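Note that the coordinates shown come from a computational prediction; the quantities given were computed from them, not determined experimentally. Side-chain atoms are counted along with the backbone in the values below, which use heavy atoms only and exclude waters and symmetry mates. Both ligands and their constituent atoms are indexed starting at 1 by order of listing.
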Amino acid sequence: MVSPEYNHAMSPALANLLNHFGSSLFAYKPSAIVTYSAGQWGGLRAAVGMRTFLSELGCLPVSAMIHVPKAQDEFLENGNVLDNAKQDAWQNYFARTFRQLVWWAEAAKQQRVALDPHALVEDFKRDPSQRNAP
Ligand SMILES: Cc1cc2nc3c(=O)[nH]c(=O)nc-3n(C[C@H](O)[C@H](O)[C@H](O)COP(=O)(O)O)c2cc1C
């Protein structure tokens, strides 16, 4: 999930898209959070909110996140780095997150085949009150 930081939150366009399709499409699949901003924190505050949001969708974020501060000084529009001396450092930084994501994605894929989570968990069909405590 790639997002800029707007008012310490994820992009409203991304939130709208996730809300539109809802959890059924995203549940039981892992995600990785990638944020960027013009300022020095790289969208970290948006990322904290994204963890909660994605967890509610059942699209659990892996622990390693990617944050790109001052994105306009680091990457060109085509995705290439501006400073070639930092190419390896960026690649290693991204790779840690993506390796976690691939590990969890492969594990989840195998388990979804072995046991259909929607059949096991009995997703609510009417409204969220169906999962209330007694
Ligand atoms: C309405 C608005 C709110 C923003 N809020 C933040 C913010 O809270 N923190 C931050 O670091 N940058 C903030 N920015 C700067 C954006 O992160 C920066 O402009 C980024 O490049 C936007 O991504 P985009 O060009 O892909 O839309 C904000 C920009 C806008 C237009």
Side-chain angles (χ1 to χ4, degrees):
M1 299 286 172
V2 182
S3 182
E5 181 170 280
Y6 287 149
N7 295 323
H8 294 193
M10 81 172 92
S11 154
L14 177 59
N16 186 48
L17 181 133
L18 295 172
N19 286 332
H20 178 77
F21 288 107
S23 63
S24 55
L25 204 63
F26 300 101
Y28 306 103
K29 297 168 185 170
S31 59
I33 295 172
V34 182
T35 61
Y36 63 94
S37 73
Q40 64 180 328
W41 307 116
L44 178 62
R45 294 158 299 203
V48 170
M50 288 171 75
R51 275 195 158 158
T52 309
F53 198 115
L54 291 165
S55 294
E56 171 57 13
L57 293 178
C59 186
L60 305 185
V62 300
S63 66
M65 298 192 284
I66 294 169
H67 311 296
V68 183
K70 301 180 186 168
Q72 69 280 6
D73 296 339
E74 298 295 340
F75 292 98
L76 295 164
E77 283 189 18
N78 65 9
N80 288 343
V81 292
L82 272 159
D83 180 356
N84 279 333
K86 290 166 97 176
Q87 169 88 36
D88 286 351
W90 277 115
Q91 201 146 352
N92 291 339
Y93 179 60
F94 275 63
R96 177 178 161 74
T97 299
F98 290 148
R99 286 192 187 119
Q100 283 192 355
L101 180 66
V102 169
W103 192 95
W104 280 109
E106 286 176 352
K109 187 177 182 183
Q110 284 175 30
Q111 188 64 5
R112 280 198 308 275
V113 171
L115 186 56
D116 177 5
H118 298 286
L120 176 74
V121 179
E122 295 182 24
D123 302 333
F124 64 79
K125 297 279 186 284
R126 191 183 65 245
D127 63 67
S129 72
Q130 288 179 280
R131 64 184 177 182
N132 282 357

Open item on the list: Using a 3.5 Å distance criterion without hydrogens, assess whether the side chain of S3 forms a donor-acceptor pair with backbone atoms of T35.
Closed with: no

TODO: Test side-chain contact (heavy atoms from CB on, under 4.5 Å) on R112 and K29 and set out the steps.
DONE: CA-CA 9 Å; R112 280 198 308 275; K29 297 168 185 170; 3.6 Å; yes

Task: Atoms of ligand 1, numbered as shown, that sit under 4.0 Å from any heavy atom of A38 - done: 17 (O), 18 (C)

Open item on the list: Do I33 and L54 have side chains that approach each other closer than 4.5 Å (heavy atoms only, starting at C-beta)?
Closed with: yes

Task: Student check: side-chain heavy atoms of F26 and M1 closer than 4.5 Å - done: yes

TODO: Would you tell me whether W90 and E74 have side-chain atoms, one donor and one acceptor, within less than 3.5 Å of each other?
DONE: yes

Task: Residue selection (non-hydrogen contact nearest atom 16 (C) of ligand 1) among H8, R45, E5 - done: E5

Open item on the list: Taking 4.0 angstrom as the limit and counting only heavy atoms of S37, give me the atoms of ligand 1 inside it, by number and element.
Closed with: 10 (C), 11 (O), 12 (N), 17 (O)

Task: Sub-4.0 Å heavy-atom approach of Y6 to ligand 1 - done: yes

Open item on the list: Tell me if a side-chain donor or acceptor on Q100 pairs with a main-chain N or O of A64 at a distance below 3.5 Å.
Closed with: yes

Task: Proximal ligand 1 atoms for Y36, defined as those under 4.0 Å from one of its heavy atoms - done: 23 (O), 24 (P), 26 (O)

Open item on the list: Protein heavy atoms near atom 8 (O) of ligand 1, is at least one of them under 4.0 angstrom away?
Closed with: yes

Open item on the list: A side-chain contact here means heavy atoms from C-beta on lying under 4.5 Å apart; do Y28 and L60 qualify?
Closed with: no

Open item on the list: Considering V2, T35, N7 one by one, which has a heavy atom nearer to atom 4 (C) of ligand 1 than any of the others?
Closed with: N7

Task: Atoms of ligand 1, numbered as shown, that sit under 4.0 Å from any heavy atom of P4 - done: 22 (C), 23 (O)

TODO: Report yes or no: does Q72 have a heavy atom closer than 4.0 Å to ligand 1?
DONE: no

